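Quick caveat: nothing in here was measured; it's all calculated off a predicted structure. Remember, it's 1-based here, ligands and their atoms both numbered in the order they're listed.
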Amino acid sequence: MKPRVEAQREVLASVAPLRSERVRLGDALGRVLAEPVVAPHDVPPFANSAMDGFAVRAADLTAVPVDLEVVEDVPAGSVPTREVMPGTAVRIMTGAPMPAGADTVVEVEVTSTSDGTVTINSARPPGMHVRPVGGDVPMGAQVFSPGVRLNAAMLGVLASLGVVDPMVGRRPVVAIISTGDELLPPDAPVPPKGKIRDSNTTTLHAVLSGLAEEIIDFGIIGDRADPLRSAFREAADRADMVITTGGVSMGEYDLVKAVLNELGGVSFWKVAQQPGKPFAFGQIAGTPLFGLPGNPVSVMVSFEQFVRPSLLHMAGATALFRSQVHGRLVQAVSTNPEKDVFLRVRVDEDEGGLRATLSGGQSSNVLSAMASADGFALIPVGVGDLDAGDAVLLEMFSWPETRPREVIDV
Ligand code: AMP
Ligand code: MG
């Protein structure tokens with residue numbers, strides 16, 4: 001068996017980042033930045049008020065209350081024309097530029113006004129409620145490095161810098177092929193004995209969303225050499241990556257293997273992981289092919305371990321793996337010590353931190369337990385048995401959306 005991390009290394013070494021392209025900012029969420037972004041100007045571009053109130057000279061506030069003459073009103077979007085001289089103030093709104101002469105802002109709550117005069121009831125030190133020029137991003141600073149995946153706040157920063165067409169890595173066009181004579185499409189009526197509905201195609205569409213530029217869905221191909229051969233060839237020709245499910249284990253009727261062997265360039269691995277031990281990987285006509293096992297949970301585990309990191313790598317990302325966090329097991333588990341075992345767990349939290357509970361049956365066909373899981377508990381090679389309360393690494397793919405400590409009833 002091939003150690004999982006070695007298999008990951010081998011896979012990642014043989015898929016190469018694609019070229020880059022410019023996209024509109026509104027289409028850039030989740031895309032990987034391909035070049036550094038350097039701030040062309042300061043953000044904020046001018047010193048401005050953080051509060052609605054009065055721009056004053058802090059030196060005028062040594063004895064409060066104090067009355068100052070209001071010489072101008074400056075709403076957001078306009079420019080002050082008067083300098084704040086000793087004994088005067090400018091009424092200022094949040095976001096409006098600081099007038100010359102003023103060095104602090106007194107919020108409206110501690111003031112009162114009458115007849116062009118403001119009474120300041122509380123002193124404020126210099127710089128209070130003033131947002132300095134460049135205080136968010138200074139001009140010339142490298143804001144983001146190549147390889148980061150753009151999130152909502154990053155897109156906002158790019159907008160504030162006027163970067164409306166960031167250069168990002170191209171995402172792969174991915175062909176998916178479900179193989180198996182037993183498979184029917186999900187809209188088939190109650191399957192006759194021996195047949196099941198194909199779930200892998202649907203799952204793959206979902207996990208690929210945002211990571212693939214386009215999905216070319218070859219649908220279900222039965223266990224027959226000719227259609228498999230032409231599907232694999234066409235998929236490799238049209239896509240940047242091919243994903244197949246089924247037919248890569250030991251079975252007699254696994255024509256997938258025979259056809260891939262005949263096409264050449266693909267190896268059959270036994271990865272020391274569970275689920276997802278059988279795994280085919282290689283290239284057809286220069287296009288990487290991932291031959292995932294057929295069992296639906298194996299598909300998802302192998303996707304997480306091999307395909308998702310490869311898609312991110314092809315798009316130019318530097319962070320390829322999900323974060324792992326520390327938790328502990330609620331119950332004892334007994335796993336195969338020869339493999340990295342990914343248990344499907346629900347995760348919640350108590351005073352001791354994160355706790356993982358098996359989310360259901362752990363066989364690789366039990367997709368329902370995957371459906372109710374928040375992540376994997378990783379039991380590494382060599383460990384095997386763990387007791388209730390033992391520490392465990394959690395690879396999270398979602399966080400529970402209910403937060404017991406801050407419940408809002410709706
Ligand atoms: P295989 O790897 O082809 O031997 O398939 C292993 C198991 O996964 C068998 O029980 C298959 O019926 C099942 N399986 C294969 N492909 C799919 C699919 N697309 N959707 C649901 N189950 C599948
Ligand atoms: Mg099969």
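- Listed by number with element, the atoms of ligand 1 under 4.0 Å from a non-hydrogen atom of S178 are 19 (N).
- Between G247 and ligand 1, an N or O atom pair is found at a separation short of 3.5 Å.
- Listed by first and then second residue, the side chain to side chain donor-acceptor pair (under 3.5 Å) pairs that reach into residues 258-269 are R229-E262, sequence neighbours excluded.
- In terms of protein heavy-atom proximity, atom 21 (C) of ligand 1 is nearest to S199 OG, 3.5 Å.
- Ranking protein heavy atoms by distance to atom 17 (C) of ligand 1, first place goes to N200 ND2, 3.2 Å.
- When atom types are taken as modelled, the side chain of R22 and the backbone of D165 share a donor-acceptor pair closer than 3.5 angstrom.
- Within the structure, ligand 1 lacks G180 among the residues with a heavy atom less than 4.0 angstrom away.
- Electrostatic pairing of R197 and E182 does not count as a salt bridge here, judged by no charged N lying under 4.0 Å from a carboxylate O.
- Taking distance alone, with nitrogen or oxygen atoms compared against 3.5 Å, P293 stays at or beyond that limit from ligand 1.
- Looking at T201 next to ligand 1, no N or O pair under 3.5 Å apart turns up.
- In summary, D136 and R131 do not engage in a salt bridge, as defined by a charged side-chain N under 4.0 Å from a carboxylate O.
- Atoms of ligand 1 lying under 4.0 Å from any heavy atom of D198, numbered from 1 in the order shown and given with element: 18 (C), 19 (N), 20 (N).
- Atom 12 (O) of ligand 1 has its closest protein heavy atom at E182 OE2, 2.6 Å.
- Looking only at protein heavy atoms, the nearest one to atom 5 (O) of ligand 1 is G294 CA, 3.7 Å.
- When hydrogens are left out, the protein atom nearest atom 10 (O) of ligand 1 is N295 OD1, 4.1 Å; that is the closest non-hydrogen contact.
- Salt bridge R91/E72: absent, no basic N to carboxylate O contact under 4.0 Å.
- Inspection of the S178 and T201 side chains reveals an N or O donor paired with an N or O acceptor under 3.5 Å.
- For M1, the CE atom sits in a packed shell: over 12 heavy atoms of surrounding residues, nucleotides or ligands are nearer than 6.0 Å.
- The single protein non-hydrogen atom nearest to atom 4 (O) of ligand 1 is S249 OG, 3.8 Å, given as residue, atom name and distance.
- F279 does not carry K270 over the face of its six-membered ring by the limits of under 6.0 Å from the centre and within 45° of the normal.
- Aromatic rings of F290 and F281 (six-membered ring for Trp) have centroids within the 6.0 Å cut-off, being under it.
- The closest protein non-hydrogen atom to atom 22 (N) of ligand 1 is I196 CD1, 3.4 Å.
- For ligand 1, the atoms sitting less than 4.0 Å from at least one non-hydrogen atom of G246 are 2 (O), 3 (O), numbered in the order shown with element in parentheses.
- Contacts with ligand 1 closer than 4.0 Å are made by no heavy atom of V256, backbone or side chain.
- The backbone N or O of S199 sits less than 3.5 Å from a side-chain atom of T203, completing a donor-acceptor pair.
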